[in-house]
**Student:** 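Structure in structure tokens, see below.
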Amino acid sequence: MIALLDCNNFYASCERIFRPDLISKPVIVLSNNDGCVIARSNEVKKMGINMGIPLYKIEKIVRQYQINLFSSNFSLYGDISNRIMEIIKNDISNVEIYSIDEAFIDFSQFANYKFHATSLMHKIYKWTGIPTSIGVAQNKTLSKIANFFAKQNNSNFFHIDNSELKFYLSKMNISDVWGIGRQYSKFLHNNHIYNAYDLSKQDDKWILDHFSVNGLKTVHELRGIKCIDIVTEPSVRKNIRISRSFSEETTDYFKLQQVISTFASKASEKLRKQNSLCSSIHVFIKTNKFKTFHENYYYSDKSYFDSPTNDNSLIIKKSLEILNKIFIPGNSYKQAGIVLGNFVSIDQFQIGLFDNLKQKNRRYKLMKTFDEINNTFGSDSIKLGSEELNNQWRVNKTKLSPSYTTKWNDILTVNI
DNA sequence: TCTGGGGTCCTAGGACCC
DNA sequence: TCTGGGGTCCTAGGACCC
């Protein structure tokens with residue numbers, strides 16, 4: 001038996017931890033630059049405000065119902081998430097942290113699912129203030145569905161037995177099934193398949209012809225067969241991507257150089273954290289796609305390193321070379337990003353024929369010290385000269401809450 | 001009139017997830 | 001005026017090999 005634990009309206013709930021006055025009031029969390037809605041409290045969901053809608057389209061309703069808006073505060077959400085996952089892992093060993101607010105938990109050792117689920121949710125709420133719900137079923141896909149019903153019934157817990165599959169799957173819209181996205185839904189609708197039960201009855205060959213093997217796994221799981229395992233070991237990233245939209249468009253090459261340098265530096269820091277070296281780097285800049293009707297708005301190129309690296313300055317240097325190639329003067333850019341790829345583990349690194357080992361070791365030590373300083377004294381304590389000193393023009397977060405749990409300066413003061 | 005068979009590797013693009 | 005960010009996996013097709 002597999003349980004899916006899901007934090008209810010996670011980002012909105014995080015904002016409420018230190019603002020209990022907002023409990024049962026409408027709360028929205030916005031994307032970077034306060035652009036789109038990325039999390040909604042139940043009150044907001046009931047108003048019919050959809051996920052991903054741009055803020056400017058709902059301004060009237062926001063004013064009318066006095067919805068509380070927040071800029072996204074990922075250091076807060078990440079920290080709360082870590083605490084929740086620790087609580088779960090303390091109790092149960094076989095856990096897959098699936099996303100910032102979800103975990104698959106092996107429940108097969110338990111006889112009384114409801115008892116264990118309820119006590120876990122109770123503990124999480126007591127220790128962190130985050131409300132959660134748990135769905136239990138035969139496999140991952142079905143536990144997602146059970147969780148869906150837990151939320152729908154406001155019961156926080158739901159168990160689906162294999163004998164009840166027909167009943168519940170028939171009530172499950174095809175587009176709400178895990179693994180069925182917009183394109184697949186459209187295709188299935190065109191073929192008169194509307195709910196999860198319909199899908200589970202389809203012929204294997206037909207599924208394989210129109211979907212990938214993952215589609216077939218989903219269908220088998222709907223039939224109650226276990227196909228997708230719990231992955232308890234956190235996997236090493238295969239790509240590291242950093243990109244941002246800007247609050248103001250820019251034509252300034254120098255500004256873009258600073259932005260790309262900063263992204264390259266941050267990405268290489270992540271790379272070092274997971275003990276990897278990258279062999280390729282991909283840089284892109286975009287003009288405003290909502291304003292560009294005639295031509296291409298996406299400019300990018302990819303380049304390879306002679307020898308895999310996680311050296312800040314090499315990665316920055318290469319990224320700026322690419323920027324120089326793709327930059328077109330006169331264009332007004334709205335977004336930029338970099339992706340590091342083709343990783344090798346630092347332990348399995350093959351020394352190149354022309355590598356200067358002594359130099360490499362010195363750089364390695366330098367990077368280590370660089371990271372140690374930033375870890376000890378806070379990120380951005382030191383950075384390379386080509387990076388931005390401040391990025392105030394770049395990202396707009398006017399409604400940012402304090403980082404209550406991760407910054408000394410933001411810690412809560414209690415007056416007695 | 002007419003051009004084999006069997007394989008690997010890489011990449012771009014498309015699907016999905018949160 | 002104002003539209004996010006960061007991932008994974010699979011497949012088709014091209015290039016190349018013998």
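Residue numbers start from 1 in every chain, and the chains themselves are labelled A, B, ... in the order their sequence lines are given, proteins ahead of strands.
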**Student:** Specify the separation, in whole Å, of atom NE2 of His210(A) and atom C1' of dT11(C).
**Tutor:**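 Taking NE2 of His210(A) and C1' of dT11(C), I get 15 Å after rounding.
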**Student:** Nearest-Å distance, CG (Asp176(A)) to P (dC18(B))?
**Tutor:**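 So the two atoms are 11 Å apart, to the nearest Å.
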**Student:** Indicate the ring-plane relationship of His192(A) and Tyr194(A), choosing parallel, tilted or perpendicular according to the 30° and 60° boundaries.
**Tutor:**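 Answer is perpendicular, since the angle exceeds 60°.
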**Student:** Whole angstroms only, please: what is the CD1-P distance between Ile28(A) and dC2(C)?
**Tutor:**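 Ile28(A) atom CD1 is separated from dC2(C) atom P by 20 Å.
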**Student:** Aromatic contact between Tyr98(A) and Trp178(A), with the criterion being ring centroids under 6.0 Å apart: yes or no?
**Tutor:**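 Under 6.0 Å, so yes.
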**Student:** What's the closest nucleotide to the Cys36(A) side chain, out of dG4(C), dG6(C), dC18(B)?
**Tutor:**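 It is dG4(C).
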**Student:** Nearest to the side chain of Glu102(A), which nucleotide is it out of dC18(B), dG7(C), dC16(B)?
**Tutor:**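 Shortest atom-to-atom distance from the side chain points to dC18(B).
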**Student:** Without decimals, in angstroms, what is the distance between Arg241(A) CZ and dG4(C) P?
**Tutor:**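 The answer, rounded to whole Å, is 12 Å.
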**Student:** Give Lys144(A) one of three labels, base, sugar-phosphate or nothing, depending on what nucleic acid heavy atoms sit under 4.0 Å from its own.
**Tutor:**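 If one applies the 4.0 Å heavy-atom cut-off, Lys144(A) turns out to touch the sugar-phosphate alone, with no base involved.
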**Student:** Are there more than 12 heavy atoms of other residues, nucleotides or ligands under 6.0 Å from atom OH of Tyr65(A)?
**Tutor:**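 No.
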**Student:** What's Glu59(A) touching, base or sugar-phosphate or nothing? Going by heavy atoms closer than 4.0 Å.
**Tutor:**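 Answer is nothing: Glu59(A) stays at 4.0 Å or more from every strand.
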**Student:** Between C1' on dG14(B) and OH on Tyr184(A), what's the gap in Å once rounded to a whole number?
**Tutor:**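 Rounded to the whole Å, the gap is 8 Å.
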**Student:** dC9(C), dT3(C), dC17(B): which one has an atom nearest the side-chain heavy atoms of Asn214(A)?
**Tutor:**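 Selected nucleotide: dC9(C).
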**Student:** Taking only residues two or more places apart in sequence, or in another chain, which ones meet Phe305(A) in a ring pair (Phe, Tyr, Trp, His ring centres under 6.0 Å)?
**Tutor:**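 In terms of ring pair (Phe, Tyr, Trp, His ring centres under 6.0 Å), with neighbours along the sequence ignored, Phe305(A) is linked to no residue.
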**Student:** Planes under 30° and centres closer than 5.5 Å, is that true for Tyr56(A) with the base of dT1(C)?
**Tutor:**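 Here Tyr56(A) fails the 5.5 Å or the 30° condition.
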**Student:** In which ranges does DNA chain B form stems of 3 or more consecutive Watson-Crick or G-U pairs, distances under 3.5 Å?
**Tutor:**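 Counting only runs of 3 or more consecutive pairs, the stems involving DNA chain B are B:5-18 with C:5-18.
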**Student:** Under 4.0 Å between any heavy atoms, over every strand shown, what does Val231(A) touch: base, sugar-phosphate, or nothing? Just pick one.
**Tutor:**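 Touches nothing.
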**Student:** Phe187(A) CZ to dA15(B) C1': how many Å, rounded?
**Tutor:**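 To the nearest whole Å, that distance equals 13 Å.
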**Student:** Using the P atom as the reference point in each nucleotide, state the distance between dT3(B) and dC18(C) in Å, no decimals.
**Tutor:**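 Approximately 24 Å lies between the P atom of dT3(B) and that of dC18(C).
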**Student:** When we call it a touch if two heavy atoms are under 4.0 Å apart, what does Ile180(A) touch: a base, just sugar-phosphate, or nothing?
**Tutor:**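 Contact class for Ile180(A): sugar-phosphate only.
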**Student:** Starting at CG of Leu4(A) and ending at P of dC18(B), how long is that distance when rounded to a whole Å?
**Tutor:**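 Whole-Å distance recorded here is 9 Å.
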**Student:** Let me know the distance between CG of Leu55(A) and P of dT1(C), rounded to the nearest Å.
**Tutor:**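 It works out to 15 Å between those atoms.
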**Student:** Looking at dT8(C), dT3(C), dC18(B), which one has an atom nearest to any side-chain atom of Asp101(A)?
**Tutor:**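 It is dC18(B).
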**Student:** Does the side chain of Asn239(A) come under 3.5 Å of the side chain of His282(A) through a donor N or O and an acceptor N or O?
**Tutor:**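 No, no side-chain donor-acceptor contact under 3.5 Å.
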**Student:** Assess whether side chain to side chain donor-acceptor pair (under 3.5 Å) is satisfied between Thr309(A) and Asp311(A), documenting all intermediate values.
**Tutor:** CA-CA 6 Å; Thr309(A) 184; Asp311(A) 187 325; 5.1 Å; no
**Student:** Mind checking whether Trp206(A) and Phe187(A) have parallel, tilted or perpendicular rings, split at 30° and 60°?
**Tutor:**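 Correct class here is parallel.
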